[in-house]
Amino acid sequence: MSALGQETLDHAHDDHGHHHKQTFITKYIFSTDHKMIAKQYLITGLLMGIVGILMSVLFRMQLAWPGESFALFEFFLGKWAPDGVMSPEIYLALVTIHGTIMVFFVLTAGLSGTFSNLLIPLQIGARDMASGFLNMISYWLFFLSSVIMLSSLFVEAGPASAGWTIYPPLSALPQAIGGSGMGMTLWLVSMAIFIASSLMGSLNYIVTTINLRTKGMSMTRLPLTIWAFFVTAIIGVVSFPVLLAAALLLIMDRSFGTSFFLSDIFLQGEVLSHQGGSPVLFEHLFWFLGHPEVYIVILPAMGLVSEILATNARKPIFGYRAMIASILAIAFLSTIVWGHHMFVSGMNPFLGSVFTFTTLLIAIPSAVKAFNWITTLWKGNLQLNPAMLFSIGFVSTFITGGLTGIILGDSTLDINVHDTYFVIAHFHLVMGISALYGLLAGVYHWFPKMFGRMMNKNLGYVHFWITAIGAYGVFFPMHFIGLAGLPRRYYTNTAFPYFDDLADTNVLITVFALITAAIQVVFLYNFFHSIFFGKKATQNPWRANSLEWTAPVEHIHGNWPGEIPSVYRWPYDYSKTNENGEYVIAGQDFIPQNVPLQEGEEEMNH
């Protein structure tokens with residue numbers, strides 16, 4: 001079936017080449033070529049990232065200097081910042097839209113959308129995705145959902161303001177707060193379209209990986225990147241429809257008088273006609289997606305980092321099969337831990353202990369991955385380019401953030417720090433910063449494959465070091481103000497003298513946030529400048545083994561001219577020696593997957 005599917009696709013692309021001349025619109029806008037769609041996802045994700053980071057800068061300034069007047073506030077927020085002083089309503093809206101944009105529109109699309117599209121066909125030896133048309137539709141739905149989400153910022157009553165988790169009743173009652181009106185409706189419409197886009201993309205990735213692998217590419221010869229993208233797509237197909245169901249029920253509560261999530265509500269002394277529903281039901285539905293979503297974001301980053309570490313350590317990845325097993329274990333366990341977000345919602349203590357057990361269990365496959373990365377680095381011939389530095393940074397932040405997850409995963413300990421800055425510090429390190437590091441490492445590493453040019457290495461070093469110091473400067477102190485009890489989502493803490501001593505720490509965090517946000521301009525300059533003026537890339541600049549580096553630098557629709565390369569070995573034959581202690585290929589410390597096994601050579605597959 002695999003060979004047959006590939007043959008059909010080959011013919012389709014041959015026909016395509018003979019009969020259609022591509023115009024600007026078919027090549028760059030409504031393209032069905034997976035490489036172009038990957039670029040579209042990446043650039044859209046970067047633009048959304050600029051909006052998300054700008055929002056975080058605005059609300060960090062409010063937290064550091066509450067009540068102060070800033071011309072910046074008046075410029076960006078208009079009527080929401082009279083005389084340059086931020087209003088409480090827009091603060092909550094900024095936090096809400098920042099979280100939504102970063103989790104869904106930057107990290108999910110920037111990692112899965114970009115790198116699944118770019119690498120799945122190239123690394124498994126396929127001409128394109130199983131359905132190029134479906135792939136194109138998935139990008140344009142993503143783009144449409146991004147536009148609708150951003151348009152909610154310009155609604156008169158303000159954008160959604162119920163937190164990125166949009167818990168009822170705040171999100172279910174249009175009259176509850178300004179942003180619960182049209183802004184909340186646009187949020188729900190945007191997310192419904194985003195989920196449709198994500199499901200189309202995921203189904204395409206799954207079918208492509210199963211059906212279109214080239215000759216010799218067995219599942220145990222797949223790079224860990226493909227395993228990560230494949231399993232991520234499966235998690236998405238299982239969990240995203242649950243959020244869609246929650247959004248549809250929420251729309252019915254808001255607009256059609258139902259009471260799925262509302263019960264016995266009093267609003268300014270008025271008794272509303274809702275009864276019988278429960279906001280906790282919404283929490284269950286939301287977190288059944290929300291927790292797997294963490295792994296939808298982090299698993300692709302793990303796959304990219306595994307590939308980059310092995311390539312730049314010039315060593316085989318340590319424990320290849322254990323890495324695959326840990327990806328599968330994480331995928332399964334991620335769907336049975338959602339309740340740890342709800343320990344303070346009145347959950348039965350016995351049920352809380354069950355969720356504590358499954359949450360702590362997921363630390364095992366995560367630790368397997370961390371130890372295997374460290375062992376891959378051990379005694380390696382490390383090439384410390386920007387992609388490698390961001391990959392090592394990923395391992396660091398993933399471990400740091402993961403350790404605090406043990407505290408939050410324990411129901412008795414979580415109650416003390418729930419909804420404080422301790423939680424913010426945990427998930428930003430383990431999910432936000434780690435996933436961003438994976439995304440940036442992937443951009444630096446595969447930029448030559450995407451654009452045929454190299455990024456400036458020195459600017460990459462500056463970007464990494466200031467980002468690494470700045471990220472820890474922002475989120476490490478948050479653990480301590482969280483342990484001191486400082487609650488999240490408060491617009492100002494000046495009404496609570498107990499927190500006065502923490503004001504200086506908030507200023508320190510904001511200064512680091514401003515520096516870290518500013519240095520991303522260096523990355524954006526490097527990225528966009530290098531697309532047009534970067535040094536021309538060679539075919540295999542990192543001397544890597546996987547199949548994408550066997551395709552020509554010049555993009556062609558179909559990836560390879562002539563025959564698709566066959567595969568004879570796994571993708572991690574780095575520094576492999578024969579019985580005499582010499583490299584299998586003389587003078588070359590890597591062996592691409594399309595090189596047949598030599599006489600007497602054993603196939604490695606840890």
Side-chain angles (χ1 to χ4, degrees), residues 96 99 103 162-173 176 235 238-250 253 258-266 274-296 329-366 401-428 430-431 479 482-483 485-490:
T96 299
V103 171
W164 79 278
T165 55
I166 56 159
Y167 285 173
L170 204 54
S171 60
L173 296 170
I235 303 175
V238 168
S239 57
F240 262 118
V242 181
L243 182 63
L244 184 60
L248 291 173
L249 296 180
L250 191 56
D253 274 10
T258 58
S259 296
F260 291 106
F261 307 131
L262 294 168
S263 178
D264 307 332
I265 302 284
F266 292 78
H274 295 284
Q275 57 182 23
S278 166
V280 176
L281 169 62
F282 179 86
E283 290 186 35
H284 278 293
L285 291 173
F286 179 88
W287 286 116
F288 192 83
L289 159 88
H291 200 81
E293 170 64 22
V294 172
Y295 294 100
I296 289 171
I330 285 171
F332 170 69
L333 291 169
S334 73
T335 59
I336 55 170
V337 296
W338 78 90
H340 66 219
H341 294 272
M342 299 164 55
F343 286 147
V344 297
S345 66
M347 180 183 285
N348 179 305
F350 173 74
L351 189 57
S353 69
V354 172
F355 280 118
T356 296
F357 175 71
T358 56
T359 302
L360 298 182
L361 210 56
I362 209 167
I364 296 170
S366 301
L403 287 173
T404 51
I406 295 171
I407 294 167
L408 293 170
D410 187 307
S411 53
T412 48
L413 297 176
D414 174 73
I415 288 166
N416 296 290
V417 288
H418 190 85
D419 261 346
T420 69
Y421 272 86
F422 191 87
V423 180
I424 306 277
H426 160 72
F427 79 75
H428 274 86
V430 81
M431 176 192 174
H479 292 96
L483 286 170
L486 193 71
R488 65 195 285 197
R489 297 204 182 103
Y490 277 33

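Counting all heavy atoms, side chain and backbone alike, Pro365 lies closest to Leu333 at CG-CD1, 4.2 Å. Nearest approach of Phe288 to Thr335, heavy atoms of both residues: CE1-O, 3.5 Å. Of all heavy-atom pairs between Gly339 and Met347, the closest is O-CE, 3.4 Å.
Side-chain contact between Pro292 and Val238 is absent, with no heavy atoms from C-beta onward closer than 4.5 Å.
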Residues Leu486, Thr420; criterion side chain to side chain contact (heavy atoms under 4.5 Å, CB included); working and verdict:
CA-CA 6 Å; Leu486 193 71; Thr420 69; 5.9 Å; no
Can Val103 and Met431 be said to form a side chain to side chain contact (heavy atoms under 4.5 Å, CB included), step by step?
CA-CA 9 Å; Val103 171; Met431 176 192 174; 3.8 Å; yes
Evaluation steps, side chain to side chain contact (heavy atoms under 4.5 Å, CB included), between Leu249 and Thr258:
CA-CA 8 Å; Leu249 296 180; Thr258 58; over 6 Å; no
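Under the side-chain hydrogen bond (donor to acceptor under 3.5 Å, both in side chains) criterion, Ser366 pairs with no residue, sequence neighbours left out. Here Tyr421 pairs with nothing under the ring-ring contact (aromatic ring centres under 6.0 Å, His included) rule; sequence neighbours left out. Scanning for salt bridge (charged side-chain N to carboxylate O under 4.0 Å, His left out) contacts around Asp264 gives an empty result, with sequence neighbours left out. Listed by chain and number, the residues in a ring-ring contact (aromatic ring centres under 6.0 Å, His included) with Phe343 amount to none (sequence neighbours excluded). Qualifying salt bridge (charged side-chain N to carboxylate O under 4.0 Å, His left out) partners for Arg488, counting only residues two or more places apart in sequence or in other chains: Asp419.
Residue-environment remark: OH (Tyr167) exceeds the threshold of 12 foreign heavy atoms within 6.0 Å.
Between the CZ atom of Phe240 and the CD1 atom of Ile235 there is a distance of 10.5 Å, given to the nearest 0.5 Å. Rounding to the nearest 0.5 angstrom, the gap separating the CG atom in Leu243 from the CZ atom in Phe282 is 7.0 Å. The CG atom of Leu262 sits 8.0 Å away from the CG atom of Leu250 when rounded to the nearest 0.5 Å. Taking CG of Leu361 as the start and CD1 of Ile336 as the end, the distance is 7.5 Å to the nearest 0.5 Å. Annotation: the span from Trp287 atom CH2 to Glu293 atom CD amounts to 10.0 Å, rounded to 0.5 Å. With rounding to the nearest 0.5 Å, the separation of OG in Ser263 from CG in Leu281 is 12.0 Å.
Between the Asp253 side chain and the Phe261 main chain, a donor and an acceptor come within less than 3.5 Å of each other. Of the possible donor and acceptor atoms, one in the side chain of His426 sits under 3.5 Å from a partner among the backbone N and O of Gly401. At least one donor-acceptor pair closer than 3.5 Å links the side chain of Thr96 to the backbone N or O of Gly163. With His418 contributing its side chain and Asp414 its backbone, the two residues share no donor-acceptor pair below 3.5 Å.
When the options Ile407, Leu408, Ile406 are evaluated for a side-chain contact (heavy atoms from CB on, under 4.5 Å) with Leu413, the one that passes is Ile407.
His341 and His291 have tilted rings, their planes meeting at an angle from 30° to 60° on a 0 to 90° scale.
Annotation: side chain to side chain donor-acceptor pair (under 3.5 Å) contacts involving residues 344-358, sequence neighbours excluded, comprise Thr356-Ser411.
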